[in-house]
Amino acid sequence: MRSEFQELWRFRELLFAMVERELKIRYKNSVLGFVWSLLMPLATILVMWLVFKVFLRNDTPNFSAYVLAAYLPYQFIQLAVLDSAQSVLISLPVVKKVYFPREILPLASVISNFIHLLLSLPIFFIFLFVIYATYGFEVSPFTWRMLFLPVLLVITFMLTAGMAFIISALNVFYEDVKYAVSLLLYIFFFLTPVMYFSENVFYALKDKPYGMLLYNLYHANPMAMLVTAYKKTLVPMGKIDPGGGEGLIPMLPMNWPMFGVTVAITLAFFFGGYALFNRMKWRFVERP
Amino acid sequence: MSTEIAIHIQDIHKEFLLSHSGSASLKTALLWWKRRQLEELKVLRGLTIEVKRGECVALVGRNGAGKSTLLSLLARVYKPTSGTITINGRIAPLLELGAGFHPDLTGQENALFNAMILGLSRKEATARIEPILAFAELEKYRDAPVRTYSSGMLARLGFSIAAHVDADILIVDEVLAVGDFAFERKCFAFIEEFKQKNGTILFVSHDREDVLQVSDRCIWLKDGQVEQEGDPLTVLDAYESGTA
């Protein structure tokens, strides 16, 4: 695998040119361009605020800030994986003619979406500032925990790249993969604590038989642990409404053992996915 | 090995799995008995070819003889089933009708990107944009998206990019007849100049005149093996009488 990484490094200029090309293509034919990438999360937050805070009468303070902190990385994973699923197949005419490391194709899709995630972070911080301003700054919206953000971003990138390697390679041979993946991403949006909290799962399960086992199983989904970490990193730890009329309860501290499991799963996805991709990449041009 | 050898192909075999069931899908993988419909196709069977630096070699042969497979192996698109290929120098394939062009990007953007795919650094590619557009006679249309280009314009741009990436070895798969008569002459002039500069060319053509005009040597491939090689006129005559 070392030689594959070296070869990829040798072609880094082509990778960046391909990222640039993807960004250009995406915005060439739309008037609002990058604004669309921001409109999507902001519109989602507005609807979720309406549903949870107003209709379902959830009392959690700063609810929309927490949701946005989790929605941005989840949206990145979703869009990057779906884009990359098609990446090799779309470029097959070039792949059949010229040599270059094939992993550039899914990586370019992941990186161009990652750039969108980075660009949306300043908007997130402005949003956070405004939310806390409306509460008259009872606490500062910015904490030292935000310094953990770069680590989270690296883990998110590696997890997504790993999934992109696997899915883009399999999709060359079985186009069903793309549909299966979009279904899974849709289902996991609900099984990942984006619009609710990891604490909700904890309080719902803690007194049930096998409750803790199920709770840990739920967090074996690396996306679940990641978006929870984003919430705890980007927004000050406050109180949440666990439902069931118990009133507000302080948020749980970060579950470091489960976070360690997430890091391990991420590394397995990244290196395992890359190995699988490298095993399959020579057969892309020969697909029966 | 002497540096006078540009390409050395030693006992190359290449097999493919041929599908009779249409497109690949999960269904095909799940229905195990469909496996039987995958047929092994031996395209190249023990090919040994040597091309010297500065030589221009034409490949002739009927459809399915393995010409394009051989060129793809040289471009490192396929891995051989067995055998070794040694290449001295940078190799560039001529892309037919702008494979790899994106319709929504401009001619200039596509040229820059494709030059990089063919192995140039960003700096080198940027420096060659002007000569590429000039050779293709597309300076006026540089900022138009290539979806608005005619097929002749696309072919000219494709040829021009490959001609400007400073390759030592050019791979040409039936794309010499691009554009109009004037541009075709320009292409042949370029090839002559490329040969003068000790560049190596390997090309596939079904056009007798092209082969006779350009090549120094001709190789006749039949069923994945070299049937005959040598002087273009002799081999062509044998090939044409042999397949007629």
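Each chain gets a letter, A, B and so on, in the order its sequence line appears, and its residues count up from 1.
A donor-acceptor contact shorter than 3.5 Å is absent between the side chain of A:Glu13 and the backbone of B:Ser121.
If you tally non-hydrogen atom pairs under 4.5 Å between each of A:Ser91, A:Ala180, A:Ala17 and chain B, the highest count goes to A:Ala17. Chain B forms the most heavy-atom pairs under 4.5 Å with one residue out of A:Trp282, A:Phe100, A:Phe284, A:Phe16, and that residue is A:Trp282.
Summarising the geometry, atom CD belonging to A:Glu20 is positioned 8.5 Å from atom CE belonging to B:Met116; distances are rounded to the nearest 0.5 Å. Summarising the geometry, atom CD belonging to A:Glu286 is positioned 9.5 Å from atom OG1 belonging to B:Thr69; distances are rounded to the nearest 0.5 Å. How far NE2 of B:His102 is from CD1 of A:Ile90: 8.0 Å, rounded to the nearest 0.5 Å.
Both the backbone and the side chain of B:Tyr78 come within less than 4.5 Å of a heavy atom of chain A.
Around the CE atom of A:Met40, the shell of radius 6.0 Å holds no more than 12 heavy atoms that belong to other residues, nucleotides or ligands. Residue A:Lys96 places its NZ atom among 12 or fewer non-hydrogen atoms of other residues, nucleotides or ligands, all under 6.0 Å distant. For A:Phe124, the CZ atom is densely surrounded, since the number of other residues' heavy atoms within 6.0 Å is greater than 12. Crowding of A:Phe190 atom CZ: a count of heavy atoms from other residues, nucleotides or ligands under 6.0 Å exceeding 12. Remark: A:Phe125 CZ is packed, more than 12 non-hydrogen atoms of other residues, nucleotides or ligands lying under 6.0 Å away.
Looking only at side-chain heavy atoms (C-beta outward), B:Phe113 and A:Leu14 come within less than 4.5 Å of each other. You'll find the side chain of B:Lys79 stays beyond 4.5 Å of the side chain of A:Arg283, heavy atoms only. Proximity of A:Ile25 to B:Leu105: side-chain heavy atoms (C-beta onward) are separated by under 4.5 Å at one or more points. Side-chain contact between A:Arg21 and B:Glu109 is absent, with no heavy-atom pair separated by less than 4.5 Å.
Considering B:Ile91, B:Val77, B:Leu118 as possible partners of A:Val98, the one that fulfils the side chain to side chain contact (heavy atoms under 4.5 Å, CB included) test is B:Leu118.
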